[in-house]
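As structure tokens, the structure follows; a few thoughts come after it.
Computation of the quantities below employed the complete heavy-atom set of this structure, encompassing side-chain atoms and omitting hydrogens, waters and symmetry-equivalent molecules. Please read all numbers here as calculations on a predicted model, not as lab measurements. Lettering of chains follows the sequences in order, A, B, ..., and the numbering in each one begins at 1.
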Protein chains: 2
Amino acid sequence: MSLVETDDIEGGESLSLHQRILSDIREKILSGAWAPGHRIPFEHELTAQYNCSRMTVNKALSQLAKAGLIERRRRSGSFVRQPQSQAAVLELHDIRIEVEALGLPYRYERLGRVKRRSSAEDRALLGLSAPGQVLALESLHFAGERPFALEKRLINLSAVAEAGEEEFLDIAPGPWLIGRVPWSEAEHRIRAMAADDAIADALDIEASAPCLVVERRTWSAEHPVTHVRFIYPAESHTLVARFTPSQG
Amino acid sequence: MSLVETDDIEGGESLSLHQRILSDIREKILSGAWAPGHRIPFEHELTAQYNCSRMTVNKALSQLAKAGLIERRRRSGSFVRQPQSQAAVLELHDIRIEVEALGLPYRYERLGRVKRRSSAEDRALLGLSAPGQVLALESLHFAGERPFALEKRLINLSAVAEAGEEEFLDIAPGPWLIGRVPWSEAEHRIRAMAADDAIADALDIEASAPCLVVERRTWSAEHPVTHVRFIYPAESHTLVARFTPSQG
DNA sequence: CGTTTCAATATGTATATACATAATCGCCAT
DNA sequence: ATGGCGATTATGTATATACATATTGAAACG
């Protein structure tokens with residue numbers, strides 16, 4: 001039995017050997033041909049089958065291991081792992097891009113801007129322990145005539161002092177921060193909520209109508225940078241997440 | 001200027017060289033010391049600084065490139081990328097695990113089970129073009145006494161024939177499918193919705209109360225396998241997604 | 001019979017080397 | 001000037017090799 005013809009007569013697809021080994025093995029696993037627990041051929045066997053060096057095989061297998069598709073055990077070999085905990089990559093677009101993708105004109109409007117000493121709630125949201133200055137912003141993103149999302153944001157001025165000088169009248173805080181502050185970690189919370197009166201008013205929807213709430217906390221090298229809460233009317237928004245295990 | 005002392009006197013942390021190069025460069029980028037656009041040292045410079053071979057440096061840089069932190073251009077060098085489109089990894093736990101993590105007893109109850117020829121709507125949800133048999137399931141997941149989530153699922157029997165023989169009285173379709181059908185791709189849609197009467201009744205909440213809806217479509221090697229819609233009462237559920245760029 | 005020891009084995013990491021490929025720079029001829 | 005061409009350069013991919021390390025299985029020993 002051989003995984004491939006060593007002399008590939010047909011599709012000389014200009015795939016690198018590395019890529020070919022990767023996709024061959026992925027295919028075997030995803031098709032179910034190699035069930036979880038199955039021992040995949042030893043490196044030296046693959047070396048022979050693909051007629052290449054062990055380093056090339058090793059790189060491919062290491063990558064599959066890092067992607068979580070296989071598990072490698074010294075002296076024992078490499079094994080197909082149990083189905084992984086399902087995880088999906090959730091792309092969190094810029095709202096402007098999202099709106100424009102819908103073919104609607106985008107408009108941003110700053111509602112409020114307050115610089116203040118952090119309240120206990122501010123600190124809780126940002127994950128701060130010591131008090132300090134924060135900037136609280138409230139703004140609306142429009143798709144055409146209609147409000148698309150309400151944004152409530154806190155910025156930790158100890159981490160991003162320059163934000164204190166910015167009015168955010170013409171630029172939304174999201175794009176402003178991106179590119180200025182490299183972020184090392186982010187956390188999102190997604191939930192449904194009934195609109196309270198203030199939200200309903202801002203978004204021009206009925207009170208207690210369902211909304212999708214996306215909260216994001218961002219850190220840069222351990223320091224909390226910002227906490228933001230996007231509130232979308234239920235109709236206007238669906239988050240899409242896709243997942244393909246271990247691509248390339 | 002040198003990234004590290006070539007003879008590391010202090011922390012001989014038993015980190016592999018590969019790991020050390022990776023984390024050094026990541027640190028520079030995430031701390032902002034190397035801003036987006038900055039050209040990071042050429043491979044041969046890093047080779048000299050770390051006193052190692054180019055292959056080792058190359059492997060580290062390739063990994064950073066694959067993680068999206070840097071961009072490599074032939075003849076020009078490697079550059080710190082603009083902040084990536086924000087993406088987060090959303091873990092989609094098994095509901096049983098989620099409930100038990102809350103310290104509540106988990107219970108599953110099948111509400112309905114119908115085997116039928118796929119309707120146009122079924123095909124649209126599953127992404128099928130040709131008609132065929134599908135299994136429609138409706139079930140409830142409980143956390144303690146209270147309904148935690150309502151599940152509405154379609155299974156494509158052309159892809160998973162054995163599902164037609166299963167009653168799903170004692171095992172939820174999710175766990176049943178996992179481990180039986182390897183999935184190669186999944187897509188999620190997350191949105192908020194007002195509970196209609198049927199949903200409100202099943203979940204024991206008020207009509208038009210806000211709910212979080214998570215829809216998932218799963219493929220196995222191009223074939224649609226299942227479409228499932230989880231409906232959570234707003235209070236009971238928050239999805240959490242975390243992201244750290246390019247972990248080693 | 002149980003334990004220790006040792007050799008065999010598969011993976012982990014690193015090196016030196018080689019050639020391919022793409023992009024850029026500068027030279028040269030038009 | 002300007003358009004093309006070749007040399008240069010940095011990365012991309014692969015090889016052969018070497019030694020480290022963890023684990024297993026079997027032999028040796030008390």
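- Checked against a 6.0 Å centroid threshold, the rings of A:F230 and A:H237 do not count as neighbours.
- In this structure a side-chain-to-backbone donor-acceptor pair under 3.5 Å is present from A:R180 to A:W176.
- Of all nucleotides listed (C:dT17, D:dT11, C:dT13), C:dT17 comes nearest to the side chain of B:M55.
- One finds a side-chain N or O of B:S76 lying less than 4.0 angstrom from the OP1 or OP2 phosphate oxygen of C:dT24.
- Regarding A:I21, its CD1 atom lies at a distance of 11 Å from the C1' atom of D:dA14, rounded to whole Å.
- One atom, CD of A:E43, and another, C1' of D:dT15, lie 15 Å apart when rounded to the nearest Å.
- With the nearest nucleotide of DNA chain D identified for both A:K59 and A:R73, A:K59 has the one nearer the 5' end.
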Worked check of side chain to side chain donor-acceptor pair (under 3.5 Å) between B:R54 and B:T47:
CA-CA 6 Å; B:R54 187 170 81 90; B:T47 291; over 6 Å; no
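- Close to D:dA10, at under 4.0 Å from its OP1 or OP2, lies no side-chain N or O of B:S78.
- In this model, the phosphate group of D:dT15 is approached by a side-chain N or O of A:T56 to a distance below 4.0 Å at OP1 or OP2.
- The backbone N or O of A:H223 lies less than 3.5 Å from no partner atom in the side chain of A:S220, so there is not a single donor-acceptor pair.
- When the P atom of D:dG12 is taken as reference, atom CG of A:L15 falls 17 Å away, rounded to whole Å.
- Stacking of B:R39 on the aromatic ring of B:F79 is not recorded, the 6.0 Å distance cut-off and the 45° axial limit not both being met.
- The separation between B:R74 atom CZ and D:dA10 atom P is 14 Å, rounded to whole Å.
- Side-chain N/O atoms of B:R72 include one lying less than 4.0 angstrom from OP1 or OP2 on D:dG12.
- For the pair B:F42 CZ and C:dA23 P, the interatomic distance rounds to 16 Å; values are reported in whole Å.
- Rounded to whole Å, atom P of D:dA20 lies 16 Å from atom CG of B:L17.
- If you take CG of A:L22 and C1' of D:dA14, they are 15 Å apart, rounded to a whole angstrom.
- Of all nucleotides listed (C:dT15, D:dT11, C:dT13), C:dT15 comes nearest to the side chain of B:C52.
- For the pair A:Q63 CD and C:dG12 C1', the computed distance is 16 Å after rounding to whole Å.
- When the nearest nucleotides of DNA chain D are assigned to B:R54 and A:V57 by heavy-atom distance, the more 5′-ward of the two goes with B:R54.
- Side-chain atoms of B:R75 come within donor-acceptor range of the base of D:dT8, with a qualifying N/O pair under 3.5 Å.
- No contact: A:L61 has no heavy atom under 4.0 Å from any strand.
- Which of C:dA14, D:dT11, C:dG12 sits closest to the side chain of B:S16 comes down to C:dA14.
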